[in-house]
Amino acid sequence: MMRVHAWTRRVALAVSMAAGALCVAAPADAVAQAATGPLPDNVAQTPPPPAPGVDAQLDSARAARGQSVSVAIYSYGPGDEVFERFGHIALAVTDANTGEDIAFNWGMFDFAEPNFLWRFLTGDTRYWMAGYRTFEFNAAYQGQNRTIRKQVLNLSPMQRGALYDFVTWNAREENKYYRYDYYNDNCSTRVRDALDWVLRGALRTALDSTDGHHTWRDETARITADNLPVYIGIQIGLGRVADRHLTRWQRAFLPEYLAADLARLRVNGLPVITQDTVLFAADRVPMPADAPYRTMSFLAVGLALGVLVFALARIAPPVLGVFGVLWYAVGGVLGTALLLGGTVTRHMPYVGSNLNLTLLSPLLLMAAVTWVARARATRTGRAGRALAAVVAGIALVGLVLEHLPGFTQGSMLLFMAVVPVHVALAITANRKRSPA
């Protein structure tokens with residue numbers, strides 16, 4: 001039985017380390033291609049209407065319909081909940097003939113859906129598009145103390161008619177659902193893509209350039225900075241792809257950037273926006289302009305915990321035993337989730353190719369199990385001491401990789417907090433003890 005258990009541990013160790021190594025070393029270019037490419041399962045059940053310029057007869061009918069139609073983009077500032085901090089956006093279509101004024105938005109979801117949590121964890125999210133009367137929609141956001149900005153689009157009657165056809169097609173029951181992606185397919189990118197569709201690709205061409213230093217990691221850190229658990233969780237989860245510089249097209253996943261770019265953009269010599277108005281200004285603290293720099297703060301925490309480990313080893317070994325088990329257990333659970341997220345879920349484009357697996361991995365679960373026996377002259381005790389050393393060694397390798405081209409990742413603050421503790425635990429576990 002002991003032999004079987006030994007082989008089981010060895011196989012589990014080999015599999016976890018191999019999977020972790022593959023996830024860490026996954027080419028960032030390949031993962032980035034998956035992150036920036038189209039989502040293959042976001043195809044509606046019926047084909048979209050023909051793009052403008054494809055059917056002359058249809059364009060003529062659209063031009064006639066568009067004479068009475070106006071189109072505007074409404075962008076909404078951050079709210080109180082975590083998912084509201086990123087802002088929201090809607091595309092409003094007003095028909096003067098019918099009196100209809102509908103704000104279409106692509107951010108609908110339902111927390112009460114039976115499998116919502118599972119879909120969220122696996123990345124198989126199910127959102128949908130719906131239209132509401134614009135006045136009531138805006139009133140709801142004003143009631144939440146969220147800034148409302150209206151931008152009237154400078155489109156020809158044919159383009160307005162085409163956009164009307166597109167949103168009414170998209171709002172049908174068979175076409176409204178899609179797999180939400182936080183960075184590449186969300187409420188803001190759907191409005192961006194609809195406008196690009198009616199402009200026949202001119203919007204993407206105009207925004208296909210960088211403007212300053214923007215990354216998915218930095219933008220997410222900036223927005224979630226005041227919620228420390230969410231901030232740390234996102235820093236753990238995002239891999240190297242999240243540190244790539246974003247074009248203006250890519251950073252339009254945030255409504256505030258899309259609105260800002262549209263306000264100063266010209267296509268074919270004409271401004272995209274004819275009227276830009278703030279309908280309601282929220283009375284709340286503005287979002288920070290940049291992501292916070294917390295590397296030294298996390299280093300201070302890591303060093304303090306490392307000193308605490310050495311102190312507990314001298315004055316309270318039983319407490320150190322509990323601390324070590326909790327430290328490795330939590331790290332092992334996080335590492336297992338990180339490994340699964342980067343290999344078998346649809347979060348892979350952003351969680352994969354992740355150097356944080358050198359800090360947190362399933363290996364830490366085995367270290368948690370054997371930690372309490374580290375001082376014993378038994379097989380389990382030797383395993384506990386060896387695993388503590390291996391965990392610390394892998395973390396130090398990750399720290400070195402952080403400084404090598406091709407592996408650099410914007411999560412240095414995590415290394416500053418975790419590496420000192422891993423090293424301190426390894427030293428205390430493997431120090432020489434007196435016979436007493």
Side-chain angles (χ1 to χ4, degrees), residues 31-42 73-79 81-91 104-109 120 123 125-129 146-147 149 151 170 178-197 199 201 203-225 230-231 234-235 237-265 272 287-291 346-352 410:
V31 179
Q33 185 176 3
T36 56
L39 302 179
D41 53 352
N42 277 5
I73 292 176
Y74 289 88
S75 53
Y76 306 93
E81 301 294 337
V82 171
F83 59 88
E84 295 175 342
R85 301 288 288 169
F86 295 82
H88 193 39
I89 196 168
L91 186 66
F104 295 92
N105 87 97
W106 284 262
M108 303 301 299
F109 63 93
F120 173 77
T125 50
R126 187 172 187 260
Y127 280 50
W128 64 90
M129 178 260 223
R146 299 176 67 174
T147 297
R149 180 179 184 178
Q151 295 175 298
N170 201 173
Y178 72 105
R179 181 169 70 82
Y180 184 94
D181 182 286
Y182 288 96
Y183 296 126
N184 275 305
D185 201 347
N186 64 13
C187 60
S188 186
T189 64
R190 287 264 161 166
V191 172
R192 176 202 67 186
D193 294 348
L195 183 56
D196 185 57
W197 175 82
L199 293 175
L203 180 62
R204 180 161 194 166
T205 300
L207 296 180
D208 194 20
S209 62
T210 57
D211 180 16
H213 179 83
H214 298 273
T215 68
W216 283 320
R217 185 189 303 276
D218 286 346
E219 293 302 325
T220 309
R222 174 178 68 87
I223 292 171
T224 62
V230 173
Y231 173 86
I234 290 175
Q235 292 300 317
L238 291 177
R240 292 194 294 277
V241 170
D243 298 305
R244 289 174 171 260
H245 289 195
L246 301 179
T247 64
R248 291 189 295 164
W249 173 264
Q250 292 172 321
R251 77 177 187 182
F253 80 95
L254 291 175
E256 63 175 301
Y257 285 133
L258 179 60
D261 283 330
L262 291 179
R264 60 175 182 263
L265 193 66
V272 175
M287 297 290 291
D290 300 298
R346 299 197 180 198
H347 297 300
M348 181 273 293
Y350 313 108
V351 179

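Numbering of residues begins at 1 and proceeds along the displayed sequence.
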Does a side chain donor of either Y350 or D181 reach within less than 3.5 Å of an acceptor in the other side chain? yes
Got a second to check how far R149's CZ is from L262's CG, nearest 0.5 Å? 8.5 Å
I need the single residue from Y183, Y182, F86, Y180 that forms a ring-ring contact (aromatic ring centres under 6.0 Å, His included) with F253. Which is it? Y183
Assign the ring pair Y76 / Y74 to parallel, tilted or perpendicular, where the plane angle (0 to 90°) is split at 30° and 60°. parallel
Main chain of G352, side chain of H347: is a donor-acceptor contact present, judged purely on distance under 3.5 Å? no
Y257 ring center within less than 6.0 Å of H214 ring center: yes
Side chains of W249 and L203, heavy atoms from C-beta outward: is any pair under 4.5 Å? yes
I need the Q250 CD to T215 OG1 distance, nearest 0.5 Å. 11.0 Å
Can you tell me how far the CZ atom of R217 sits from the CG atom of D243, to the nearest 0.5 Å? 4.0 Å
Sidechain N-carboxylate O distance under 4.0 Å for R251, D211: yes
Are the side chain of D218 and the backbone of A291 linked by a donor-acceptor contact shorter than 3.5 Å? no
Will you find, in the side chains of H213 and H245, an N or O donor that is under 3.5 Å from an N or O acceptor? yes
Lys/Arg-Asp/Glu bridge criterion (N-O < 4.0 Å) met for R190, D185: yes
Just by distance, do the side chain of E256 and the backbone of G77 share a donor-acceptor pair under 3.5 Å? no
Criterion side chain to side chain donor-acceptor pair (under 3.5 Å) against W106, the qualifying member of N170, N186, T189: N170
Min side-chain heavy-atom separation C187-I89 under 4.5 Å: yes
Let me confirm one number: the CG-OG distance from L254 to S188, rounded to the nearest 0.5 Å. 7.0 Å
If we only count heavy atoms from C-beta on, is the L207 to T247 side-chain gap below 4.5 Å? no
Quick one: does T224's side chain get under 4.5 Å of I234's, heavy atoms only? yes
Can you check whether T125 reaches F109 side chain to side chain, under 4.5 Å on heavy atoms? no
Does the distance from a Lys or Arg side-chain N to an Asp or Glu carboxylate O, for E219 and R244, drop under 4.0 Å? no
State, with a plain yes or no, whether a side-chain heavy atom of R179 is found less than 4.5 Å away from one of R126. no
